[in-house]
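Order of the sequence lines fixes the chain letters, A, B, ..., with proteins taken first and strands second; residue numbering starts at 1 for each chain.
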Amino acid sequence: MIINSSRKWVPLSPSFFKRPTLQVAQNLLGTYLLHESKEGRSIGKIVETEAYLADDPACHAFGGPTPRNQPMFGPPGRAYVYFIYGMYHCFNVVTHQQGVGEAVLIRALEPIEGIELMQKRRKKKTAQPFKIHELCNGPAKLVIAMGILKSHNHHPLLKAPLWLAKSTKKIPSQNIGKGSRIGIQKAADLHYRFYLIDNHFVSRKNK
DNA sequence: AAACGGATGGGCT
DNA sequence: GCCCATCCGTTTG
């Protein structure tokens, strides 16, 4: 029997992203992120997200357009990749409506395909002995493991090389955990973090 | 198990 | 000049 390589990956449609950001953040759980690079193909299932809204002080777009947050004001369904803490990048999906400035941060993936490639990309930082659940359990870790680069900023996520594919199963709302976003000071009371309950690959549980 | 601090550099007031 | 949507090794309880 053939394994994952025979599977049909169906891209998300543009309309998926043109909805309220809190809804898209939850509906992205269970979808797949694919990167087809020179090194090979890597695929992860999205298991944790955070929403950033236009009226939300923690959002990069809160103060209006700047050179950095430009992708957030562009068409929904594109990538917003930004540089953080002097050495990492984070990956977001632009949502809702062009001109508004909202996005969803991808915080964790369950590795599905190309695990050796992910390991190689993160090799210097992966703990010994190797633990698969530490490969993509954080926004900067998954960016490294998937080979996402700053040059993917603005990339439409509907087509190769970097794209999103539909979930194979419907995720019941009772399987979605909600809590405060991680690592932010402003608007810390907003419960805009979403994750698959009991999934082994989320970056952190709620307290 | 949790807390802490260093690495490291772009973004924005 | 301070802030920062992080990570990791080390220390502490």
Find the distance A:Lys141:NZ to C:dA5:P and express it as a whole number of Å. 18 Å

Value rounded to 0.5 Å, distance of CG in A:Leu196 from CD in A:Glu48: 9.5 Å

Donor-acceptor side-chain pairing of A:Tyr80 and A:His154 below 3.5 angstrom: no

In whole angstrom, give the distance that lies between atom CG of A:Leu142 and atom C1' of C:dT6. 12 Å

Does A:Arg68 have a side-chain nitrogen or oxygen under 4.0 Å from the phosphate oxygens OP1 or OP2 of B:dC12? yes

How many Å lie between CD1 on A:Ile84 and P on C:dC7, as a whole number? 11 Å

Residues 166-178 of chain A, side-chain donor-acceptor partners within the protein, below 3.5 Å, at least two apart:
from     : atom 1 : to       : atom 2 : distance (Å)
A:Ser167 : OG     : A:Gly30  : O      : 3.3
A:Ser167 : OG     : A:Lys169 : N      : 3.2
A:Ser167 : OG     : A:Lys169 : O      : 2.6

Stepwise, does the ring-ring contact (aromatic ring centres under 6.0 Å, His included) test hold for A:Tyr52 with A:His60? CA-CA 8 Å; A:Tyr52 287 88; A:His60 286 179; 7.2 Å; no

Between P on C:dT6 and CZ on A:Phe91, what's the gap in Å once rounded to a whole number? 16 Å

Is there a donor on the side chain of A:Tyr82 or the base of C:dA5 sitting less than 3.5 Å from an acceptor on the other? yes

When the distance from CG of A:Leu105 to P of C:dC4 is rounded to whole Å, what number comes out? 16 Å

Find the distance A:Met72:CE to B:dC12:P and express it as a whole number of Å. 12 Å

What pair of heavy atoms forms the shortest contact from A:Phe194 to A:His191, and how long is it? CZ-O, 3.9 Å

Between C:dC8 and A:Arg122, is there an OP1 or OP2 to side-chain N/O distance shorter than 4.0 Å? yes

A:Phe83 side chain, from C-beta outward: closest of B:dC12, B:dG10, C:dT6: B:dG10

When you get a sec, tell me which of C:dC8, C:dC4, C:dA5 is the closest nucleotide to the side chain of A:Asn92? C:dA5

Between atom OH in A:Tyr80 and atom P in B:dG11, what is the gap in whole Å? 9 Å

Under 4.0 Å between a side-chain N/O of A:Arg107 and OP1 or OP2 of C:dT6, yes or no? yes

So the stems of DNA chain C, runs of at least three Watson-Crick or G-U pairs (under 3.5 Å), are B:1-7 with C:6-12, B:9-12 with C:1-4

Separation of atom NE2 in A:His60 from atom P in C:dT6, rounded to whole Å: 9 Å

May I ask you to say whether A:Arg181 pairs ionically with A:Asp189, meaning some side-chain N is under 4.0 Å from a carboxylate O? no

Using 30° and 60° as the class limits, which term best fits the ring planes of A:His200 and A:His133: parallel, tilted or perpendicular? tilted

Contact under 4.0 Å: A:Lys186 side-chain N or O vs C:dC3 OP1/OP2: no

Ion pair A:Glu39/A:Arg121, N-O distance below 4.0 Å: yes

On DNA chain B, compare the nucleotides closest to A:Lys150 and A:Tyr85; which residue's is nearer the 5' end? A:Tyr85

With the side chain defined as heavy atoms from C-beta on, A:Ala140 is closest, among C:dT6, C:dA5, C:dC8, to C:dT6

Quick check for you: among B:dT8, C:dC4, B:dG11, whose closest atom lies nearest to any side-chain atom of A:Met87? B:dT8

